[in-house]
Amino acid sequence: MTEPSARSPGPSAGDLVRLWPLGCSRRAGARVGGLLLRLYGEKTRRDALGVRNQRMLALHRAVVGRPIEAVVGCPGCNADNEFVVPVDEICALPGPSAEAAVRLKVGDSAVRFRLPMMADLEALAGSSYATGIRRLAARTCLESDPPSLDAAGLTRLAQEWEALDPAGSIRVDLSCAECTRAIAANVDPAEFVARDLDRTVEGLLRDVDVIARAYGWSEDAILGLAAERRRWYVGLIDLSPRSPGRHLKAVAP
C-alpha cells in the first residue's frame, strides 16, 4: 500500500473501517501505531519518533483532510487558547539519517548513542520517565560497555536526540489571547489523529447503516463508493424517509 504523502489519498474507506480499532481502550499512540504497522509494514517499527509523528500527520491529512485544532490552557490566567497544529511545517522538517548518532562526552570518553526507534519506545511503554530514559540509554548505546549516565548526562542525551530528530518533540509557541503571556504548547500527534480517526470511522459506519437499511447493499459495496456518491445517497435517503421494512433491492454499485 502506498504511504501517505501530501497528495496521497491514503487508505480506502474499506481498509480504514477494517483496520482501525474503534472503541479500543488502548493508548492513542498504540492504536495509531498499530494502524501504521498494518498499513505500511514492519519498517514502521524502525522509525525514529519524529518520522512516526510525520507518518501520523500525513495519514491524518490524507484521510481526514481538515486542520488539527487544539486548545491549551494559559499557565498564568487559565484562559483556554485555541490554535491549529502546523501540520505542513512539521511534515516538512528534515528527518534523521539512518546512521544518525549522538556523541556524548562521559568522563574521558566519547560515547555513541543511536536514535531510539519505535520498537525501543514500545518496549518501554508504561515505564516512568526516569526509568524509561535510563533504560533507553542502555538500549541505544553503541559501545560494547555502556556507561551509567547520571541525571545531567541523561538530560544532555535527550537534548541531543531532540536536535537530531526535530519532529520528535513538537511544541507550538503562541501568546495567550487574554494576558499575552508566552505559551509553549506540547503536541502529541497521536491524541489528535486517534480522535479524528474515531470520528471518521464512526461517520463511515453511520453511512453504511443508513444506505444498507434503504437499499440492502453490503458494507463492502457501500464503502467502495466514492465519498461524494456516498454522501449523495445519504442525502437522498434523508430527504425521502422510508419505512423500516421497505428496502429497494437495487443492484449494488
Side-chain angles (χ1 to χ4, degrees), residues 4-6 27-33 35-36 44 47-97 100-102 104 113-118 120-122 124-137 140 149 151-197:
S5 66
R27 295 178 300 107
R31 295 172 71 202
V32 182
L35 177 62
L36 292 174
T44 61
D47 285 343
L49 181 58
V51 176
R52 169 61 60 88
N53 287 342
Q54 289 171 324
R55 284 191 195 273
M56 288 183 180
L57 294 173
L59 179 66
H60 182 281
R61 182 169 51 191
V63 171
V64 180
R66 296 189 304 273
I68 295 177
E69 298 177 345
V71 177
V72 62
C74 175
C77 69
N78 295 321
D80 285 340
N81 290 264
E82 298 179 355
F83 66 98
V84 174
V85 178
V87 170
D88 289 344
E89 290 84 346
I90 295 166
C91 288
L93 289 171
S97 68
V102 169
L104 204 64
F113 299 84
R114 62 172 173 80
L115 272 174
M117 298 184 294
M118 291 311 304
D120 300 313
L121 298 174
E122 290 162 5
L124 302 179
S127 301
S128 66
Y129 178 80
T131 299
I133 190 70
R134 190 171 299 279
R135 292 174 61 192
L136 201 55
T140 59
L149 299 180
L154 291 170
T155 298
R156 282 188 290 130
L157 178 59
Q159 291 170 342
E160 293 293 336
W161 276 336
E162 186 175 326
L164 280 179
D165 187 24
S169 180
I170 300 173
R171 285 185 292 272
V172 178
D173 296 321
L174 60 151
S175 298
C176 177
E178 294 293 332
C179 69
T180 72
R181 175 173 177 157
I183 303 173
N186 293 311
V187 175
D188 178 4
E191 297 291 339
F192 298 101
V193 174
R195 176 198 68 185
D196 288 347
L197 288 180

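Residues take their numbers from the sequence shown, with the count starting at 1.
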task: For the residue pair Arg135 and Ser127, confirm or rule out a side-chain donor-acceptor distance under 3.5 Å.
output: yes
I need the [X] [atom1] to [Y] [atom2] distance, nearest 0.5 Å.
X: Ile68; Y: Met56; atom1: CD1; atom2: CE; result: 11.0 Å
X: Glu191; Y: Arg31; atom1: CD; atom2: CZ; result: 9.5 Å
X: Cys179; Y: Asn78; atom1: SG; atom2: CG; result: 9.5 Å
X: Leu35; Y: Leu197; atom1: CG; atom2: CG; result: 6.5 Å

message: For Ile133 and Leu149: C-alpha separation, side-chain torsions, deciding distance, then whether side chain to side chain contact (heavy atoms under 4.5 Å, CB included) applies.
response: CA-CA 10 Å; Ile133 190 70; Leu149 299 180; over 6 Å; no
- prompt: So does Glu122 have more than 12 non-hydrogen atoms from other groups sitting under 6.0 Å from CD?
  reply: yes
Evaluation steps, side chain to side chain contact (heavy atoms under 4.5 Å, CB included), between Ile183 and Phe83: CA-CA 11 Å; Ile183 303 173; Phe83 66 98; over 6 Å; no
message: I need the full list of side chain to side chain donor-acceptor pair (under 3.5 Å) pairs touching residues 172-188, with sequence neighbours left out, sorted by first then second residue.
response: none
statement: In short, Ala177 meets Asn81 closest at the heavy-atom pair N-OD1, 2.7 Å
Heavy-atom closest pair, residues Cys91 and Leu57: SG-CB, 3.8 Å
Verify, without hydrogens or angle tests, whether [X] (side chain) and [Y] (backbone) share a donor-acceptor contact under 3.5 angstrom.
X: Asp47; Y: Met118; result: no
X: Trp161; Y: Ala101; result: no
X: Asp80; Y: Val71; result: no
X: Gln54; Y: Ile90; result: yes

Considering only heavy atoms from C-beta outward, does the side chain of [X] approach that of [Y] to under 4.5 Å?
X: Leu136; Y: Phe113; answer: no
X: Val172; Y: Val72; answer: no
X: Val87; Y: His60; answer: no

message: Leu49 vs Asn53, test: side chain to side chain contact (heavy atoms under 4.5 Å, CB included). Steps then yes/no.
response: CA-CA 6 Å; Leu49 181 58; Asn53 287 342; 4.1 Å; yes
